[in-house]
Amino acid sequence: MTLESVRAQNKIDGPIRLEKQKILFRGYFLGREMHQSVRAMEIAMECHSGSRKDGSPEVSHQFEIAGMLLQLFEGRMCYHMLDSLVAAAFLHDVPEDYPELYNLAALAEVFDDITMSIVSRMTKPEGFEKIDEHRKSYFGFIAEDILAVLLKCSDRVHNLQSMIAGFSSKKQREYIEETEIYFYPMIKKARLEHPEFYMVLVLLKQQMEMIIRICKYNLENHQRVSPETEFEKSEKMLSVSSEKSEQIKNTEKN
């Protein structure tokens, strides 16, 4: 399958998947009184109305991350905290990409402190440049909030999944380098400081490593693989992780 055909297929399949997610998520959120997530979902759909480089709807990125978080933490995190985390997933790009619509101050009038702590840490400060000093400061700020770490890692996993059909070879190499230099140490630190999230952090790092290994191979051999293949593998890993989490939870109860 060529990159052009993958993007064309994403343009067809993406909106269909997105419509199903909208219905499913809205019902899930309302049934659990996750009202922040409902509002954040609406804002995300309002702002992210374009398309991603891989051909999928722009807002599908936010929906996919929210879905990952629900798979990982449903039943293992209180709904109030899960509501804040999922709301942040829908909002994490808004202040940076659409400040004219919703800046941090405007969002703070609607969403709670937990959500805003995550979103503010995810938002790159004015004047940010892709230099080591700025990156260390940015990732260090994220590392101070474990929920921000979990969201940032989930965000990176999905971006890695979709970059094969959306990024140039140069951008892929830069993305891989940033992941290895800044994400891996952040995850290691978070595992030590938050053992309650140890297995989830291990899973997220394994997903990154798996996709990066394949991307490196493809770049070295000038080959490409379908991003759907990597998504299916990651979905399987998430399913396995959820089963392990349930086993751990049952063990803790006993």
Practice prompt. Test Glu46 against Tyr98 for side-chain contact (heavy atoms from CB on, under 4.5 Å), laying out the working first.
Written response: CA-CA 10 Å; Glu46 175 187 350; Tyr98 301 95; over 6 Å; no

Discussion item. Measuring only between side-chain heavy atoms, which start at C-beta, is Leu151 closer than 4.5 Å to Leu69?
Written reply: yes

Item to complete: Return yes when atom CG of Asp113 has more than 12 non-hydrogen atoms of other residues, nucleotides or ligands closer than 6.0 Å, and no otherwise.
Response: no

Practice prompt. Please assess Glu42 against Phe90 for the test side-chain contact (heavy atoms from CB on, under 4.5 Å), listing each intermediate value before the final yes or no.
Written response: CA-CA 9 Å; Glu42 293 171 348; Phe90 280 112; over 6 Å; no

Practice prompt. Could you point out which residue of Arg173, Lys171, Lys130, Arg156 forms a salt bridge (Lys or Arg N to Asp or Glu O under 4.0 Å) with Glu178?
Written response: Arg156

Worksheet item: Is the closest side-chain donor-acceptor distance between His48 and Asp93 under 3.5 Å?
Response: no

Item to complete: Go through the steps for Asp112 and Met116 under the test side-chain contact (heavy atoms from CB on, under 4.5 Å), then give the verdict.
Response: CA-CA 6 Å; Asp112 68 15; Met116 292 311 302; over 6 Å; no

Practice prompt. Kindly indicate whether a cation-pi arrangement holds for Arg135 with Phe139, taking the cut-offs as under 6.0 Å to the six-membered ring centre and within 45° of the axis.
Written response: no

Practice prompt. Could you walk me through whether Glu196 and Arg76 pass salt bridge (charged side-chain N to carboxylate O under 4.0 Å, His left out), step by step?
Written response: CA-CA 10 Å; Glu196 69 274 22; Arg76 289 192 56 78; over 6 Å; no

Worksheet entry | Within the 6.0 Å centroid threshold, strictly below: His158 and His61 | yes

Practice prompt. Grab the two heavy atoms, one from Leu160 and one from Thr179, that are nearest each other, plus how far apart they are.
Written response: CD2-OG1, 4.3 Å

Worksheet, complete the sentence: Tightest non-hydrogen contact, residues Ala40 and Ala87, listed as CB-O, 3.5 Å

Worksheet item: Is there a donor-acceptor pair closer than 3.5 Å between any side-chain N or O of Asp83 and the backbone N or O of Ser37?
Response: yes

Discussion item. Quick check on the hydrophobic clustering: are Val38 and Tyr102 connected, directly or via other members, by side-chain heavy-atom contacts under 4.5 Å?
Written reply: no

Worksheet, complete the sentence: Taking every heavy atom of Ala143 against every heavy atom of Met186, the minimum-distance pair comes out as CB-CG, 4.2 Å

Worksheet item: Does Lys124 offer a backbone N or O that forms a donor-acceptor pair with the side chain of Glu96 under 3.5 Å?
Response: yes

Fill in: Close side-chain approach of Met199 and Leu203, heavy atoms under 4.5 Å
no

Discussion item. Using only atom types and a distance under 3.5 Å, with no angle test, would you say the side chain of Asp54 pairs donor to acceptor with the backbone of Ala165?
Written reply: no

Worksheet item: Do the side chains of Ile43 and Leu107 get nearer than 4.5 Å, heavy atoms only?
Response: yes

Item to complete: Could you tell me whether the side chain of Asn221 and the main chain of Tyr217 form a donor-acceptor pair under 3.5 Å?
Response: yes

Discussion item. Val86 vs Phe29, test: side-chain contact (heavy atoms from CB on, under 4.5 Å). Steps then yes/no.
Written reply: CA-CA 10 Å; Val86 172; Phe29 297 151; 3.7 Å; yes

Worksheet item: Taking all non-hydrogen atoms of both residues, which atom of Ser60 and which atom of Arg52 are closest, and how far apart?
Response: OG-CD, 3.9 Å

Discussion item. Are the side chains of His134 and Ile131 in contact, using a 4.5 Å heavy-atom criterion?
Written reply: yes

Fill in: Heavy-atom closest contact (Glu209 atom, Tyr184 atom, distance)
CG-OH, 3.3 Å

Worksheet item: Hey, does Lys11 have a side-chain heavy atom less than 4.5 Å from the side chain of Ser56?
Response: no

Discussion item. Between Ile176 and Cys215, is there a side-chain heavy-atom distance shorter than 4.5 Å?
Written reply: yes

Item to complete: Measure centre to centre between the rings of Tyr138 and Tyr182, then say whether the value is under 6.0 Å.
Response: no

Practice prompt. May I ask you to decide whether Glu180 forms a salt bridge with Lys216, counting only side-chain N to carboxylate O separations under 4.0 Å?
Written response: yes

Discussion item. Please determine whether salt bridge (charged side-chain N to carboxylate O under 4.0 Å, His left out) holds for the pair Glu64 and Arg17, giving the CA-CA distance in whole Å, both sets of side-chain angles, and the decisive distance to 0.1 Å.
Written reply: CA-CA 10 Å; Glu64 296 298 341; Arg17 178 179 175 86; 2.6 Å; yes

Practice prompt. Write down the atom of Ile65, the atom of Ser154, and the distance for their closest heavy-atom approach.
Written response: CG2-CB, 4.1 Å

